[in-house]
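Values in this document were obtained by computation on a predicted structure and should not be read as measured data. All residue numbers refer to positions in the sequence shown, counting from 1.
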Amino acid sequence: MSDILKDLAATIQSRKGADPDSSWTAKLLSKGPEKCAEKFGEEAIEAIIAAAKDDRENLTYEAADVLYHLLVMLAARNVALEDVLEELARRQGVSGIEEKAGR
């Protein structure tokens, strides 16, 4: 299942520099990292609202949007999904309290 995110990240990467009229991802990336971050924030807020309303169906939909827009934002700033996954792997098995204290 994790291959879905890797495949999506690769697709997003392939849209960099593509004609903005040919792809929503290319259009979003062409607007720059700040706009990509803004769009991610909008989607995150929509997910928060769905969670607060206990709207499981909409939360699922919005969570998918959040993941997509997170990957777009990362691509806009040249941060590879693999780097994020490596950071998660580094943190695995470490309590959140310990991890925060180590920063």
Between atom [atom1] of [X] and atom [atom2] of [Y], what is the distance when rounded to the nearest 0.5 Å?
X   : Y   : atom1 : atom2 : answer
L8  : D3  : CG    : CG    : 12.0 Å
D83 : L88 : CG    : CG    : 11.5 Å
D65 : N58 : CG    : CG    : 9.0 Å
M73 : E43 : CE    : CD    : 12.0 Å

Answer whether the closest heavy-atom distance between the side chains of [X] and [Y] falls below 4.5 Å.
X   : Y   : answer
L81 : K6  : yes
K31 : K27 : yes
V72 : F40 : no

Going only through I, L, V, M, F, W and Y residues with side-chain contacts under 4.5 Å, is there a path from [X] to [Y]?
X   : Y   : result
I48 : L70 : no
V79 : L71 : yes
L85 : Y68 : yes

Quiz item: Taking the hydrophobic residues Ile, Leu, Val, Met, Phe, Trp and Tyr, and joining any pair whose side-chain heavy atoms are under 4.5 Å apart, which ones share a cluster with I49?
Solution: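 I49 shares its hydrophobic cluster with I45.
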Exercise. Could you name each residue pair satisfying salt bridge (Lys or Arg N to Asp or Glu O under 4.0 Å) that touches residues 52-64, not counting sequence neighbours?
Key: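 Non-adjacent pairs meeting salt bridge (Lys or Arg N to Asp or Glu O under 4.0 Å): zero.
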Quiz item: Are any of the side-chain nitrogens in E34 or R77 under 4.0 Å away from the carboxylate oxygens of its partner?
Solution: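 Salt bridge flag = yes for R77 with E34.
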Quiz item: Should R91 and E87 count as an ion pair when the cut-off is N to O under 4.0 Å?
Solution: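 E87 and R91: salt-bridged.
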Practice problem: Locate the shortest heavy-atom distance separating L28 from C36; write the atom from each residue and the value. | Solution: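 Between these two residues, the closest heavy atoms are O-SG, 3.5 Å.
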Would you mind writing out the side-chain donor-acceptor pairs for residues 12-24 within the sub-3.5 Å range, not counting sequence neighbours?
residue, atom, partner, partner atom, Å
S14, OG, T11, O, 2.6
R15, NE, S23, OG, 3.4
K16, NZ, A75, O, 2.7
K16, NZ, N78, OD1, 2.5
D19, OD1, D21, N, 3.0
S22, OG, D19, O, 2.6
S23, OG, T25, N, 3.2
S23, OG, A26, N, 3.1

